Protein chains: 2
Amino acid sequence: MKYEIAKNKFIQTWGTLGTKWGINKTMAQIHALLFVSKEAISMEQIMEELHISRGNASMNLRALMEWGIIYKEYKIGERKEFFVAEKNFDELAVKIAKERSKREIKPTLKVLKEVSQLEDCKNDDEVYFAKQTEDLYQFVLKADNMIDKVTEYEKNWLSRLIVKFIK
Amino acid sequence: MKYEIAKNKFIQTWGTLGTKWGINKTMAQIHALLFVSKEAISMEQIMEELHISRGNASMNLRALMEWGIIYKEYKIGERKEFFVAEKNFDELAVKIAKERSKREIKPTLKVLKEVSQLEDCKNDDEVYFAKQTEDLYQFVLKADNMIDKVTEYEKNWLSRLIVKFIK
DNA sequence: CAAAACTTTCAATATTTACTGAAAGTTTAG
DNA sequence: CTAAACTTTCAGTAAATATTGAAAGTTTTG
């Protein structure tokens with residue numbers, strides 16, 4: 001496959017994958033572009049390569065920086081800002097996992113805890129609801145704690161996890 | 001909190017969480033409703049509780065069955081179909097993980113492999129692209145294999161994983 | 001076999017989500 | 001200080017996605 005075709009295909013595929021996981025297409029595409037770029041690139045270049053507007057580029061670059069998976073870089077003698085992606089895979093996975101935990105899992109846990117504490121469980125339906133939500137709370141909590149634990153201080157956590165599990 | 005309020009809040013929250021992970025709101029809400037219901041419930045009841053149309057209910061029930069996380073049930077003397085959710089947490093997590101792997105990860109792996117095989121890498125950019133996509137392929141492959149491995153025959157895999165990791 | 005009881009389909013429509021682009025904001029250079 | 005170079009914001013619009021509802025399909029019953 002030719003470079004231009006391959007690069008474009010990669011960017012499109014990563015964008016599509018993003019949408020299926022609740023990440024907007026442009027955000028995923030910008031990440032893909034930076035991820036395969038050896039050099040830091042400017043907003044101008046991003047707009048051009050992805051055919052997107054200045055506003056779109058600006059907003060999604062900010063979002064990616066908030067996720068901590070791309071960084072700003074300054075070149076001497078240049079006024080413009082340039083961007084680079086986090087290139088370490090474990091670091092990337094850790095940051096995504098932590099951010100999603102913070103944004104989505106933890107708020108959900110809070111609600112699960114709330115709703116599982118019913119005032120008074122008169123009938124079977126109420127007892128069952130309380131039990132199911134309580135159990136779900138415990139399960140999600142356990143999974144989320146594992147994310148915290150595994151990603152906190154570990155480098156190469158994925159490899160270590162695999163080794164440990166296979167044993 | 002009162003039962004009706006709590007139940008509604010749980011359904012809404014689960015629906016919202018779904019949308020953030022690329023699952024449509026109604027699908028997640030139907031799942032939530034069935035998940036906290038002791039008895040199997042009919043399409044009619046689902047439509048009523050969630051205020052959705054017949055078509056919407058029908059399509060999302062089918063989707064949930066394709067994911068293997070809800071089941072049809074028949075009651076004697078009743079013409080209607082009733083539905084129940086998978087209530088085992090490990091089973092639920094396994095099915096979701098496998099389905100997402102099949103639908104999203106494996107197709108992505110295929111593309112990653114393709115694009116990493118560049119015809120000829122003349123310049124630095126091309127070499128870098130090939131390296132990054134190849135490394136990404138390996139990383140995603142490793143993660144996906146772990147999902148396969150962990151979910152294939154194991155019961156209580158999450159607990160076992162935690163125990164193994166903490167050791 | 002016909003009608004009743006139920007489910008599925010899908011074109012039209014509504015809703016949600018993302019994107020644009022021009023104006024406003026900010027920083028740097030001279 | 002102010003003009004140039006650049007970035008951000010956000011109201012309006014476009015695109016993507018989900019939902020409706022009525023018609024078509026299917027199964028069961030008498």
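Since this is a predicted model, take the numbers as computed values, not measurements. The sequence lines fix the lettering, A, B, ..., with proteins before strands; numbering per chain opens at 1.
Among the protein residues, T19(B) comes within range of no part of the nucleic acid, since none of its heavy atoms lies under 4.0 Å from any strand.
Here dC6(C) presents its C1' atom at 11 Å from CZ of F83(B), a figure rounded to the nearest Å. dA18(D) atom C1' lies 17 Å from atom NZ of K20(A), rounded to whole Å. The CE-P distance, from M27(B) to dT17(D), rounds to 15 Å in whole Å. One atom, CD of Q29(A), and another, C1' of dA18(C), lie 12 Å apart when rounded to the nearest Å. In this structure, I23(A) atom CD1 and dA16(D) atom P are separated by 18 Å, rounded to whole Å. Here dA5(C) presents its P atom at 19 Å from OH of Y74(B), a figure rounded to the nearest Å. Atom CD in E73(A) sits about 15 Å away from atom P in dT7(D), given to the nearest Å. Regarding W21(B), its CH2 atom lies at a distance of 17 Å from the P atom of dT17(C), rounded to whole Å.
OP1 or OP2 of dA18(D) has not a single side-chain nitrogen or oxygen of N60(B) nearer than 4.0 Å. Here R62(A) does not reach the OP1 or OP2 of dT7(D): none of its side-chain N or O atoms lies under 4.0 Å away.
For the segment residues 40-58 of chain B, residues with any heavy atom less than 4.0 angstrom from an atom of DNA chain C are, sorted by number, M43(B), R54(B), G55(B), S58(B).
Looking at residues two or more places apart in sequence or on another chain, you find a ring-ring contact (aromatic ring centres under 6.0 Å, His included) between F10(A) and W14(A). Take F82(A) and apply the ring-ring contact (aromatic ring centres under 6.0 Å, His included) test, not counting sequence neighbours, and it matches no residue. Every ring-ring contact (aromatic ring centres under 6.0 Å, His included) that F139(B) has, sequence neighbours left out, goes to F89(A).
Atom NZ of K2(B) is surrounded by 12 or fewer heavy atoms from other residues, nucleotides or ligands within 6.0 Å. No more than 12 heavy atoms of other residues, nucleotides or ligands sit less than 6.0 Å from atom CD of E48(B).
Listed candidates were dC6(C), dA18(C), dT7(D). Nearest to the side chain of K80(B) is dC6(C). Of the candidates dT19(D), dT7(D), dA5(C), dA5(C) carries the atom nearest the R79(B) side chain, counting heavy atoms from C-beta on.
Taking Ile, Leu, Val, Met, Phe, Trp and Tyr as members and joining any whose side-chain heavy atoms lie under 4.5 Å apart, directly or through other members, the hydrophobic cluster of Y71(A) also contains V84(A).
Judged as a ring pair (Phe, Tyr, Trp, His ring centres under 6.0 Å), not a single pair has a partner in residues 90-125 of chain A (not counting sequence neighbours).
Taking for each of M59(A) and E78(A) the nucleotide of DNA chain D with the nearest heavy atom, the 5'-most of the two is the partner of E78(A).
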